[in-house]
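Bear in mind the structure is a predicted one, so any value in this text is a computation, not a measurement. One-based numbering, in listed order, for ligands and for the atoms of each.
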Amino acid sequence: MAERLRKDLLQKKKIVDIIVGPDEYRRVPELIENSVEKGEKGIAVKLSRTETYDDITPLRREGITAWLSIMRGCDKFCSFCVVPFTRGRERSRSFINITEESKRLYDEGVRDIWLLGQNVNSYKYEDFDFADLLKNVAIAVPDMRIRYITSHPYDLSDKLLETMAEYDNICKYVHLPIQSGSDRILKLMNRLYSVKEYMRVMLKARDMMPGIGLSTDIISCFPGETDAEHKMTLDVIREIEYDSAFTFVYSPRENTKAFEMTDTIDEETKKQRLDEIITLQREISFKINSSLTGNVMPVLVETLSKKSDEKFMGRTDCNKSVIIPRNFSTVDIAGSLVNTGLIKAGELINVEITGANSATLFGNPVQNKVAFLQT
Ligand code: SF4
């Protein structure tokens with residue numbers, strides 16, 4: 001956005017004073033100072049091959065959760081995506097600095113970290129790959145839940161799955177964008193994997209870690225997608241049975257290869273195909289979530305529910321959000337009251353799932369808290 005729209009925003013529309021691209025954050029103080037003191041408009045949008053902000057400790061937190069950037073940029077050049085042009089080439093932060101930052105976050109009360117990157121599992125620092133980093137962080141902060149996003153199927157190795165399976169505090173959740181169920185479309189997208197290869201990884205993940213949460217991204221109606229190819233995408237959704245999916249109709253981005261491709265799919269068809277994908281996924285999500293009713297699952301309490309101050313939202317290991325009452329009491333087998341309490345963010349508690357819709361689980365604490373994670 002910063003690079004693409006800078007002239008429009010700064011000179012034509014005159015609605016902003018400073019435009020900063022993703023690799024020039026270090027100049028923000030100087031640009032603000034110039035703007036406030038001298039009334040100067042500022043532009044800093046140069047991309048860098050080396051900037052990782054490794055030495056800057058960001059404050060990116062929401063309650064007990066923190067997002068920890070481990071790499072920047074992307075070298076994959078999917079034909080529909082502007083990221084390699086706007087975020088630059090891949091570069092990874094230091095192995096040691098990430099581990100140290102994880103420990104610091106734990107000491108400050110964080111209990112759930114997301115390792116972040118445009119293409120997080122292509123992380124490479126000296127001889128260490130992403131599986132090595134994940135293992136190292138899991139050992140360094142054993143009471144921290146660790147997740148990562150977003151992965152590319154090309155880089156999701158068996159070694160990474162084995163590492164996930166080995167460490168309890170690495171959450172059993174994989175978000176792996178498939179984008180299309182057709183090999184021809186995947187090739188046009190320059191996605192570097194086939195449907196068969198993708199399925200192998202996902203089914204292996206489920207095989208190794210039963211109950212794992214699986215989600216994906218889908219771009220419907222890529223230029224030239226036929227009805228048969230759309231049905232192939234539906235087939236993959238049926239076969240894998242994702243817990244959730246982020247679905248979009250293709251929209252062209254300037255300067256990408258796909259921008260030159262002729263879009264022949266009419267608006268009515270686009271709407272219909274997207275509706276079919278969303279409806280199918282909702283049915284599957286509802287089926288999976290409903291099947292969890294009656295199960296007892298460890299839930300890390302995160303924040304107050306958006307809809308009620310009397311309820312909390314927590315998350316299961318497999319990344320399902322669960323709504324639980326803030327005040328709770330539990331009973332023993334004979335039905336006697338054995339414990340009452342007020343739930344706090346940061347606690348890991350056992351929750352019996354009592355209901356579900358396609359997006360959320362609902363439940364009640366059933367035992368004494370299984371662990372106290374101090375905040
Ligand atoms: S879609 Fe993801 S992997 Fe592909 S170019 Fe964009 S950021 Fe990279």
Quick one: does [X]'s side chain have a donor or acceptor within less than 3.5 Å of a partner on [Y]'s backbone?
| X | Y | answer |
| --- | --- | --- |
| Y53 | Y25 | yes |
| T269 | I265 | no |
| N119 | G73 | no |

Over 12 non-hydrogen atoms of neighbours within 6.0 angstrom of CZ in R91
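Yes, enclosed.
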
C78 N/O/S atom closer than 2.8 Å to atom 6 (Fe) of ligand 1:
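Within the cut-off used here (under 2.8 Å), C78 places no N, O or S atom near atom 6 (Fe) of ligand 1.
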
Counting each atom of ligand 1 from 1 as listed, which ones have a heavy atom of [X] under 4.0 Å away?
| X | value |
| --- | --- |
| H152 | 3 (S) |
| P84 | 5 (S) |
| F77 | 5 (S) |
| C81 | 1 (S), 5 (S), 6 (Fe), 7 (S) |

May I ask you to check whether C74 brings an N, O or S atom to under 2.8 Å from atom 8 (Fe) of ligand 1?
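It does: C74 brings an N, O or S atom closer than 2.8 Å to atom 8 (Fe) of ligand 1.
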
If the test is salt bridge (charged side-chain N to carboxylate O under 4.0 Å, His left out), which one of R26, R72, K46 qualifies with E51?
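Running salt bridge (charged side-chain N to carboxylate O under 4.0 Å, His left out) over R26, R72, K46 with E51 returns exactly one hit, R26.
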
Which atom of V83 lies closest to which atom of C74, heavy atoms considered:
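Between these two residues, the closest heavy atoms are CG1-CB, 4.0 Å.
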
Can R87 be said to touch ligand 1, with heavy atoms closer than 4.0 Å?
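Distance cut 4.0 Å: R87 fails for ligand 1.
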
